[in-house]
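Remarks on the structure that follows.
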Amino acid sequence: MAENQEIEKNEAKEVLNFIEQKVVEDLANGKNGGKVQTRFPPEPNGYLHIGHAKAICMDFGIAKKYNGVCNLRFDDTNPVKEDNEYVEAIKEDIKWLGFEWGNVFYASDYFQQLWDLAVTLIKEGKAYVDEQTPEEIAAQKGTPTVAGTESPYRNRPIEENLRLFQEMTDGKIEDGKMVLRAKIDMASSNMHFRDPIIYRIITTHPHHRTGWKWKVYPMYDFAHGQSDYFEGVTHSLCTLEFVPHRPLYDLFIDWLKEGKDLDDNRPRQYEFNKLNLNYTLMSKRNLLTLVKEHVVEDWDDPRMPTICGFRRRGYSPESIHNFINKIGYTTYDALNEFSLLESAVRDDLNKRATRVAAVLDPIKLVITNYPEGKVEELDAINNPEDVNSATHKVEFSRELWIERDDFMEDAPAKFFRLGPGKEVRLKNAYIIKCSENPAECIVKDANGNIVEVHAEFIPETKTGEANCNMKIKGKTIHWVSCAHAIKAEVRLYDRLWKVENPRDELARIKEEKQCEAIDAMHEILNPDSLKVLTNCYVEKYLANSKPLDYLQFQRIGYFTVDKTSTADHLVFNRTVGLKDSWAKEMKK
RNA sequence: UGUCCUAUGGUGUAAUGGUAGCACACCGGUUUUUGGUACCGUUUGACUAGGUUCGAGUCCUAGUAGGACAACCA
C-alpha cells in the first residue's frame with residue numbers, strides 16, 4: 001500500500017521544462033494580468049518539418065496547458081520566396097498534429113504600422129537611407145572580432161532621408177539601390193546592432209497578400225518583435241539562434257514606445273534548442289533543393305523529415321508528440337537519435353495498428369494432404385493488444401504464399417522456421433511439417449533456386465480446436481492464400497542519408513570541393529533509401545484499406561496505404577520495421 | 001583573437017545545495033500462435049582545476065571543449 005502511494009506520488013510529480021517553469025512563475029506573480037499568449041510564426045516559404053513540430057508543440061502546448069491562446073502568424077515579409085501554397089500546407093500540418101490556433105495573423109497585417117514607425121525613426125534621426133552596394137555595406141559591417149565602420153550616408157539630413165524613403169516607397173528607386181538602416185552602433189559586439197537594414201526595395205515580385213501595393217518591405221528583425229508586441233504576445237518562444245536578436249527587438253519596442261513606460265508587459269522572448277536528428281537533414285533550404293532537383297518525389301516523400309512526409313510514411317500525430325515529449329526542451333544544442341523517434345512510433349502503432357498478413361518475398365507452399373479446391377474461412381484478430389479487438393476473416397487453402405526467408409534448406413541450429421524435417425505453426429491455421437527428405441519438400445528450378453515448398457498439415461491442430469496448443473519447436477509464420485491474396489506494391493523506406501550528421505558533412509564537402517549543395521548531397525545520399533517491391537501478396541481484407549490506415553504486416557513492420565494506391569494497384573509504404581532480433585542474431 | 005550560450009552513461013533528459021534517476025540504444029533472460037509486444041535483469045555517467053559550504057551535478061572563478069552571431073533571408 002505504502003509502495004503504491006509512493007508510485008502514485010512519483011507519477012504525479014510532473015517535470016516542467018525551463019520555459020514552463022517561467023510561465024508558471026509569471027502566472028504566480030500575476031504578470032501580464034495572468035494572461036498567456038504565444039504564437040507560432042512560420043514563414044510561408046516551404047513545408048513544415050519535424051523541427052517545426054517541436055516548436056509547435058511548445059507554442060501551442062504552453063497556451064493549451066495554461067489556458068492561453070496561441071495564434072498562427074505568418075512572417076511574410078519577403079514576397080520573393082513566399083507563396084499561398086505554403087500557407088495552406090502549414091495550416092493543414094498544424095491541424096493534423098492536433099492543435100488549434102486562436103487567430104491567423106500575418107506580418108503583412110502590420111506593414112502600415114511598421115512603415116509609420118520607420119518614418120518616425122527617420123524623423124528622430126534613428127534611421128537613414130543608405131545608397132551603398134550590398135558588398136560595401138557588408139564590408140563595413142566588420143566581423144565579430146573587428147568593429148565596423150560607419151556608412152558615408154549615416155549622417156545625411158533628416159529631410160533628405162525622408163524624401164528618399166518616400167521615393168523608395170513610391171517605387172521610384174530601383175531594387176537594390178537604397179535601403180533604410182537603423183542608426184545604432186557600428187562597433188557593437190552584437191552584430192545585429194551594427195546599423196541593421198530595416199527596409200529594402202522589392203518591386204519585381206507581388207506579395208501573396210498585398211499584391212503590388214508595397215514597393216518596400218520590412219526586414220524580419222524589424223517586423224518580428226514588433227508583430228509580437230502588436231499582438232500582445234506574452235511569451236515569445238523561439239530557438240537558440242535568436243538569442244542575439246532579443247536585445248534588438250527590445251530596442252525597437254523602446255523606440256516604438258518613444259521611451260515611455262519601458263518597464264511594461266512586453267513580449268518576453270525565451271529560447272530553446274532546436275531539433276537535430278541524426279541521419280536527417282532538417283533545413284528548409286536543403287529540403288527545397290531535394291524537391292527541386294527531384295532527389296525525392298516531393299515535399300511529402302516518405303523519406304522527407306517534413307510533417308507531411310511523416311504523415312504519408314504512416315506516422316501518427318501521437319507518435320510525434322510522444323517523441324517531442326521525450327527529447328525535451330533545453331538550451332543545449334543536442335543531436336538526437338532517430339531510433340528514439342522510431343521507438344515512439346512503434347510504441348504508438350503497436351496499440352492501434354490492424355494486424356494483417358502480407359508476404360513481401362513470396363515462395364509457394366503446397367499443403368500436400370489438404371484437399372484441392374477446399375477453402376476454409378478462419379478468424380484473425382485485428383489487434384491482440386486490444387482486449388476488445390474485432391476480428392476479420394482470412395481464407396485458407398491448399399496453396400499458400402509464404403515468406404522466402406521462412407524456409408531454409410540448410411538451417412543453423414537456432415532457425416525455428418521451415419525446412420526439411422521442421423514444423424511450424426501457420427498463424428491462425430494449422431501446424432504443418434516438412435518431410436525429413438529434402439527431395440520430398442523442395443522443388444527447384446533448372447538453376448537450383450527453390451521455387452516451391454511442400455508440407456503436410458496436422459488436421460486437429462487448427463487454431464481454436466482441441467490440439468491447437470500442441471507444443472512444437474518451430475515458430476509461427478504468416479501466409480496468404482494464393483487463390484485469394486491480392487498482388488500489391490510495397491515500398492520499403494530507409495534513411496535518406498548515409499552519414500550520421502548530414503548537415504556538417506554537407507558543409508565539409510562543399511567547402512572541400514567548392515561545389516553546389518546538390519553535388520555534395522549526392523556523395524552522402526543513401527542509395528538504398530527506397531526499395532520498391534512489386535511482387536508482394538496481401539490478404540484480401542486489405543482491398544478496402546484507405547490511405548493513412550495504420551497497419552501492421554505481421555512479423556514485418558508497420559505499414560500504411562500510400563496516397564497513390566488504387567483498387568487495381570495497391571501501394572503500401574513501410575512506416576518502420578518491427579524490431580528484428582533474429583536479423584540481429586544473424587549478424588553476429 | 002569579441003560577445004553570448006552550453007557541458008550529467010553510447011544518445012537524450014531529470015534533480016532547483018542533501019541517496020545521481022528515467023527513456024532510447026546495447027547486452028542477457030522469462031513469457032509468447034508476430035524472433036513483435038509485455039516483463040525482469042546486467043554493464044555504462046558529473047569536462048578539468050581551484051574555491052564557497054557541515055554538505056556541490058547544482059553556487060563562484062579559471063581553464064578546456066562545443067555551439068550561436070558578420071544575407072537588401074527568416
Side-chain angles (χ1 to χ4, degrees), chain A residues 10 13 15 17 21 41-43 45-46 75-78 80-82 107 130 133-134 137-148 175-181 188-192 194 197-202 216-217 219-221 223-224 239-247 271 273 278 284-285 323 325-344 346-347 350-351 355 357 381 384-385 414-417 424-429 431 461 463 468-469 472 475-478 552-558 577-586:
Chain A
N10 286 343
K13 199 169 84 182
V15 175
N17 65 54
Q21 289 176 32
E43 182 189 16
N45 70 339
D75 269 339
D76 55 351
T77 55
N78 184 2
V80 177
K81 291 185 176 174
E82 292 147 12
D130 199 336
T133 64
I137 291 175
Q140 285 167 359
K141 203 123 209 182
T143 70
T145 54
V146 177
D175 291 32
K177 292 293 179 194
M178 293 181 190
V179 290
L180 186 69
R181 290 228 255 168
S188 173
S189 59
N190 185 336
M191 297 297 290
H192 299 279
R194 322 249 264 227
I197 294 169
I198 57 175
Y199 262 91
R200 80 299 211 174
I201 303 168
I202 299 174
V216 290
Y217 290 89
M219 297 290 289
Y220 174 82
D221 274 343
H224 183 81
T239 47
L240 253 19
E241 68 265 32
F242 292 102
V243 169
H245 297 242
R246 195 204 310 154
E271 307 88 1
N273 61 348
N278 65 3
K284 258 199 264 185
R285 215 185 125 96
F323 168 68
N325 285 338
K326 285 179 182 182
I327 60 172
Y329 296 86
T330 66
T331 54
Y332 172 74
D333 185 33
L335 178 60
N336 293 274
E337 290 184 344
F338 200 88
S339 59
L340 186 61
L341 212 206
E342 291 187 328
S343 93
R346 283 196 192 100
D347 185 54
N350 178 49
K351 292 174 211 148
R355 269 61 169 177
I381 191 161
E385 301 294 315
K414 289 180 178 171
F415 184 80
F416 299 121
R417 281 119 94 152
V424 296
R425 178 175 277 112
L426 295 176
K427 179 82 180 172
N428 302 317
I431 290 172
T461 60
T463 296
C468 73
N469 289 326
I472 55 170
K475 291 278 179 183
T476 300
I477 67 169
H478 63 278
Q552 187 199 82
F553 289 180
Q554 285 176 111
R555 303 208 301 134
I556 301 173
Y558 295 101
L578 250 29
K579 275 207 247 174
D580 190 347
S581 58
W582 171 245
K584 206 179 270 182
E585 178 72 27
M586 285 289 85

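Please read these numbers as outputs of a predicted model, since none were measured by experiment. Just the heavy atoms: all of them, side chains too, but no hydrogens, waters or symmetry mates, feed the values below.
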Without swapping roles, check the side chain of [X] against the backbone of [Y] for a donor-acceptor pair under 3.5 Å.
X        : Y        : value
A:Ser188 : A:Met191 : no
A:Asn273 : A:Thr331 : no
A:Arg181 : A:Asp130 : no
A:Asn428 : A:Thr463 : no

Is the phosphate of [N] approached by [X] (side-chain N or O, under 4.0 Å from OP1 or OP2)?
X        : N      : answer
A:Thr77  : B:rA74 : yes
A:Arg285 : B:rA74 : no
A:Arg200 : B:rA74 : yes
A:Asn17  : B:rA14 : no

Sugar-phosphate only, base, or nothing, as touched by A:Ser343 at under 4.0 Å among non-hydrogen atoms: sugar-phosphate
Which nucleotide in B:rU6, B:rA15, B:rA74 has an atom nearest any side-chain atom of A:Asp75: B:rA74
Nearest to side-chain heavy atoms of A:Pro134, which nucleotide of B:rA74, B:rC72, B:rG12: B:rC72
Partners passing side-chain hydrogen bond (donor to acceptor under 3.5 Å, both in side chains) against A:Asp175 (at least two apart in sequence or in another chain): A:Thr203
Paired stretches of RNA chain B - 3 or more consecutive Watson-Crick or G-U pairs, each distance under 3.5 Å: B:2-7 with B:64-69, B:10-13 with B:21-24, B:27-30 with B:38-41, B:47-51 with B:59-63
hbond_proxy A:Glu337 side chain to B:rG10 base (donor-acceptor, 3.5 Å cutoff): yes
Of A:Met191 and A:Lys579, the one whose closest RNA chain B nucleotide lies more 5': A:Lys579
Of A:Thr331 and A:Ser581, the one whose closest RNA chain B nucleotide lies more 5': A:Thr331
Chi angles and distances behind the ring pair (Phe, Tyr, Trp, His ring centres under 6.0 Å) call for A:Phe416, A:Trp582: CA-CA 10 Å; A:Phe416 299 121; A:Trp582 171 245; 7.7 Å; no
Contacts of A:Asp333 that satisfy salt bridge (Lys or Arg N to Asp or Glu O under 4.0 Å) - sequence neighbours left out: none
Rounded distance in Å - CD (A:Glu342) to P (B:rU11): 18 Å
